[in-house]
A.B. asks: 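Pasting a structure here, questions to come.
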Protein chains: 2
Amino acid sequence: MLERQNLRITRQRRTILKELRKDYTHPSADQIYDKVRQTIPRISLGTVYRNLEVLCRLGEIQKLKLGRTKKRFDGNSDFHYHMRCLDCNRLDDAALAPLKSIEDEAGAVTDYKVLGHRLEFVGFCPQCSIQS
Amino acid sequence: MLERQNLRITRQRRTILKELRKDYTHPSADQIYDKVRQTIPRISLGTVYRNLEVLCRLGEIQKLKLGRTKKRFDGNSDFHYHMRCLDCNRLDDAALAPLKSIEDEAGAVTDYKVLGHRLEFVGFCPQCSIQS
DNA sequence: TTTCATGCAAAAGGTTTGCAACATT
DNA sequence: AATGTTGCAAACCTTTTGCATGAAA
């Protein structure tokens with residue numbers, strides 16, 4: 001999956017993807033950096049960013065840019081929605097069926113060629129619901 | 001509308017809100033800065049940011065943080081969706097009825113207390129559709 | 001006059017990039 | 001050997017913040 005288009009399978013690249021695959025918390029780049037550093041202490045943040053970019057281009061992972069400024073990454077590249085906690089910023093999957101017809105509706109009310117949509121839910125996670 | 005809670009109506013604040021009210025392009029902070037500078041040349045970017053923050057808190061405008069890193073601002077604070085051009089980054093309103101039931105559905109498949117949702121469409125605007 | 005807001009500049013936070021050395025093919 | 005990749009550090013871009021000055025109320 002990585003070997004197409006002149007890309008090399010480096011230890012850094014392999015490790016970053018592996019970490020992301022087994023992580024269900026939708027980590028940020030620096031969180032991934034911390035994880036990978038346990039295996040490759042001298043890896044640099046720049047390398048992490050560059051590889052996340054490559055893996056996104058390959059469709060192996062996805063970048064989540066809704067809401068907050070800081071990006072989060074998802075080892076599952078299948079289309080799905082997310083739910084974000086307004087308090088602790090936790091991010092979970094929302095197992096909702098993709099709204100396929102909604103893009104057609106959007107196309108009908110604008111003069112854009114609609115190619116996709118991004119939907120994110122916000123609220124309080126179980127832990128933060130208790131406190132607040 | 002501005003005079004509640006110890007807030008003062010300064011020239012800067014008034015001008016920023018006025019610019020945003022008559023602007024339908026969902027400008028970024030630095031675009032607003034450029035606009036307002038035509039009237040108040042010595043205004044600072046910091047002041048623009050601070051006032052955008054205040055106006056958001058008051059519910060007079062809204063901050064759009066979907067997609068790209070850079071925030072965009074909307075002089076219309078009513079709930080509505082947006083459509084973004086993937087090519088030129090143009091941002092328009094999508095006159096779609098708010099999906100009210102979807103938050104209940106999301107609540108049913110997660111253990112969050114759902115408070116809201118953000119939906120953005122992406123595609124190509126009329127201009128960019130022609131070229132691409 | 002009180003206190004909120006401003007301008008300025010510096011800092012912060014996240015991400016990107018130039019470059020020489022290095023590793024994969 | 002060829003060239004993609006890394007580590008490092010510096011640069012970048014947007015946003016935030018400390019502080020002395022200025023302006024609403």
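Throughout, a chain's letter reflects where its sequence line sits, starting with A, and its residues are numbered from 1.
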A.B. asks: For a quick test of reading the model: is some side-chain N or O of B:Ser44 closer than 4.0 Å to OP1 or OP2 of C:dT6?
C.D. replies: no

A.B. asks: Has the side chain of A:Arg118 got a donor or acceptor atom that lies under 3.5 Å from a matching backbone atom of B:Arg118?
C.D. replies: no

A.B. asks: Tell me: CD1 of B:Ile9 to P of C:dT3, nearest whole Å?
C.D. replies: 19 Å

A.B. asks: Suppose we call a contact any N or O donor and acceptor under 3.5 Å apart; does that hold for the side chain of B:Arg42 and the base of D:dG22?
C.D. replies: no

A.B. asks: Rounding to an integer number of Å, can you tell me how far A:Lys63 NZ sits from C:dT16 C1'?
C.D. replies: 11 Å

A.B. asks: Once you apply a heavy-atom cut-off of 4.0 Å, does B:Asp30 come out as touching a base, just sugar-phosphate, or nothing?
C.D. replies: nothing

A.B. asks: Quick one: which of C:dT16, C:dC8, D:dG7 gets closest to the side chain of A:Lys71?
C.D. replies: C:dT16

A.B. asks: Return the value, rounded to whole Å, for the distance between atom OH of B:Tyr33 and atom C1' of D:dC13.
C.D. replies: 15 Å

A.B. asks: Below the 4.0 Å mark, does D:dG7 have OP1 or OP2 next to a side-chain nitrogen or oxygen of A:Gln12?
C.D. replies: yes

A.B. asks: I want to verify a distance call: between C:dG7, D:dG4, C:dT24, whose nearest atom is closest to the A:Thr10 side chain?
C.D. replies: C:dT24

A.B. asks: Figure out the CG/C1' separation between B:Asn6 and C:dT3, and round it to whole Å.
C.D. replies: 9 Å

A.B. asks: Taking any heavy-atom pair under 4.0 Å as a contact, classify A:Leu45: base, sugar-phosphate, or nothing.
C.D. replies: base

A.B. asks: Could you tell me how the ring of B:Phe121 sits relative to the ring of B:Tyr81: parallel (under 30°), tilted (30 to 60°) or perpendicular (over 60°)?
C.D. replies: perpendicular

A.B. asks: To the nearest Å, give me how far apart CD1 (B:Ile40) and C1' (D:dA23) are.
C.D. replies: 13 Å

A.B. asks: What's the closest nucleotide to the A:Lys70 side chain, out of D:dT5, C:dG7, C:dT15?
C.D. replies: C:dT15

A.B. asks: Do A:Arg13 side-chain and D:dG4 base share a donor-acceptor contact under 3.5 Å?
C.D. replies: no

A.B. asks: Between atom CZ in A:Arg14 and atom P in C:dA23, what is the gap in whole Å?
C.D. replies: 14 Å

A.B. asks: In whole angstrom, what separates B:Arg11's CZ from C:dA5's C1'?
C.D. replies: 14 Å

A.B. asks: Counting only distance, no hydrogens or angles, is the base of D:dG4 paired donor-acceptor with the side chain of A:Arg50 under 3.5 Å?
C.D. replies: no

A.B. asks: What is the distance, rounded to the nearest whole Å, between atom CD1 of A:Ile43 and atom C1' of D:dA9?
C.D. replies: 16 Å

A.B. asks: Hey, is the main chain of B:Arg8 close enough, under 3.5 Å, to the side chain of B:Arg13 for a donor-acceptor pair?
C.D. replies: yes

A.B. asks: C:dG14, D:dT17, C:dC4: which one has an atom nearest the side-chain heavy atoms of A:Tyr49?
C.D. replies: C:dG14

A.B. asks: Does any N or O in the side chain of B:Gln62 come within less than 3.5 Å of the main-chain N or O of B:Asp78, such that one atom is a donor and the other an acceptor?
C.D. replies: yes

A.B. asks: Can you confirm whether the side chains of B:Asp93 and B:His82 place a donor and an acceptor under 3.5 Å from each other?
C.D. replies: yes

A.B. asks: Looking at C:dT3, does its base get a donor-acceptor pair with the side chain of B:Arg8 below 3.5 Å?
C.D. replies: yes

